[in-house]
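For clarity, every value in this text was computed on a predicted model and none was experimentally measured.
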Amino acid sequence: MVSASKGPAALIAFFGLTCVALSITIIVLIAEELYPGSGYYQVYYPATNSYSPLFYLEGRCLMSNNSINVCRYGYSVGAIGALTSIGLLVAMCAPPFIPIVMAIFNSIWYLAFAITATVYSNNIEGDESIPENIRLYNAKYRKDVYALAWTCFAVSFVSLPLALATKKQSSKPEGKTMAAEAPYPNAYPPASQPAGYPTV
């Protein structure tokens with residue numbers, strides 16, 4: 001018979017797999033779109049179906065408008081977040097305390113990055129001192145990154161009560177699965193019973 005705690009544990013494992021996939025996506029987006037190598041680039045304007053003039057970028061992180069490198073922070077968040085999410089992924093076969101610890105860590109980990117990425121993305125898009133072509137270059141990918149971070153935070157946060165429920169279920173004593181034995185297995189009364197005792 002399947003334990004009642006397997007349902008929440010399976011959902012936690014699914015959330016863990018989701019965070020692993022999203023963490024890898026965060027790393028890929030930053031590496032491919034927001035932390036390009038030095039070179040000349042153009043911005044595409046969908047409204048007018050046109051491109052900006054060529055401009056030069058020298059290995060700049062396009063997630064912040066100052067010396068704080070949010071891109072490298074994003075790499076760390078994605079890599080460590082993927083590893084810790086494996087703790088949620090193995091929730092069905094791990095001790096109950098592991099998903100609890102991983103859910104708490106991931107919630108704090110992703111929340112901190114989600115806030116940072118959101119704030120710095122808004123700052124760079126509203127900073128008139130930065131050339132417009134740089135502000136617009138792959139701006140949608142900045143939004144994608146912090147949206148993924150917020151999603152990881154949400155599923156990690158939801159995993160916490162599920163992990164607590166799993167621990168609670170696993171700590172309950174299992175009920176008896178066999179019927180209680182008859183007082184007289186052979187259906188005969190003991191010798192001291194009065195005559196007339198019903199038999200089978």
Side-chain angles (χ1 to χ4, degrees), residues 1-35 61-64 68-125 138-180:
M1 186 175 182
V2 179
S3 171
S5 63
K6 293 297 183 182
L11 191 55
I12 293 170
F14 172 75
F15 286 158
L17 180 61
T18 300
C19 279
V20 171
L22 296 184
S23 296
I24 295 173
T25 305
I26 287 173
I27 294 174
V28 172
L29 285 177
I30 293 175
E32 295 293 327
E33 307 295 344
L34 297 172
Y35 203 12
C61 174
L62 299 177
M63 293 188 69
S64 61
I68 297 177
N69 196 318
V70 181
C71 295
R72 292 180 181 174
Y73 179 25
Y75 287 153
S76 300
V77 169
I80 296 176
L83 292 176
T84 55
S85 295
I86 294 175
L88 297 177
L89 183 58
V90 300
M92 294 185 68
C93 55
F97 74 89
I98 291 181
I100 294 175
V101 173
M102 294 298 99
I104 293 174
F105 177 85
N106 274 9
S107 296
I108 298 172
W109 188 244
Y110 286 113
L111 176 61
F113 178 68
I115 293 174
T116 302
T118 302
V119 169
Y120 278 98
S121 178
N122 292 335
N123 287 348
I124 192 172
E125 291 176 20
N138 287 352
K140 65 188 182 75
Y141 293 110
R142 284 194 293 271
K143 297 177 182 178
D144 291 341
V145 166
Y146 67 69
L148 292 174
W150 281 113
T151 303
C152 286
F153 160 70
V155 297
S156 298
F157 186 77
V158 172
S159 296
L160 180 55
L162 292 175
L164 292 172
T166 301
K167 186 177 185 303
K168 184 177 180 181
Q169 288 288 342
S170 64
S171 63
K172 288 183 178 179
E174 294 187 1
K176 294 183 179 180
T177 56
M178 298 180 62

Do [X] and [Y] have a side chain donor and acceptor closer than 3.5 Å?
{"X": "Y110", "Y": "S23", "value": "yes"}
{"X": "S156", "Y": "W109", "value": "no"}
{"X": "S64", "Y": "N123", "value": "no"}

**Message:** Is there a disulfide between C152 and C19 in this structure (defined here as SG atoms under 2.5 Å apart)?
**Reply:** no

Short question: side chain of [X], backbone of [Y] - any donor-acceptor pair under 3.5 Å?
{"X": "S121", "Y": "T118", "answer": "no"}
{"X": "N69", "Y": "R72", "answer": "yes"}
{"X": "R142", "Y": "L34", "answer": "no"}

**Prompt:** Ion pair present between K140 and E33, side-chain N to carboxylate O less than 4.0 angstrom?
**Reply:** no

**Prompt:** If you measure from CD1 on I30 to CG on N138, what distance do you get to the nearest 0.5 Å?
**Reply:** 12.5 Å

**Asked** Nearest 0.5 Å, what's the CD1-CZ distance between I80 and F105?
**Response** 6.0 Å

**Request:** Take the angle between the ring planes of Y73 and F113 and call it parallel below 30°, perpendicular above 60°, tilted in between.
**Result:** perpendicular

**Item:** CZ (F157) with more than 12 external heavy atoms under 6.0 Å
**Value:** no

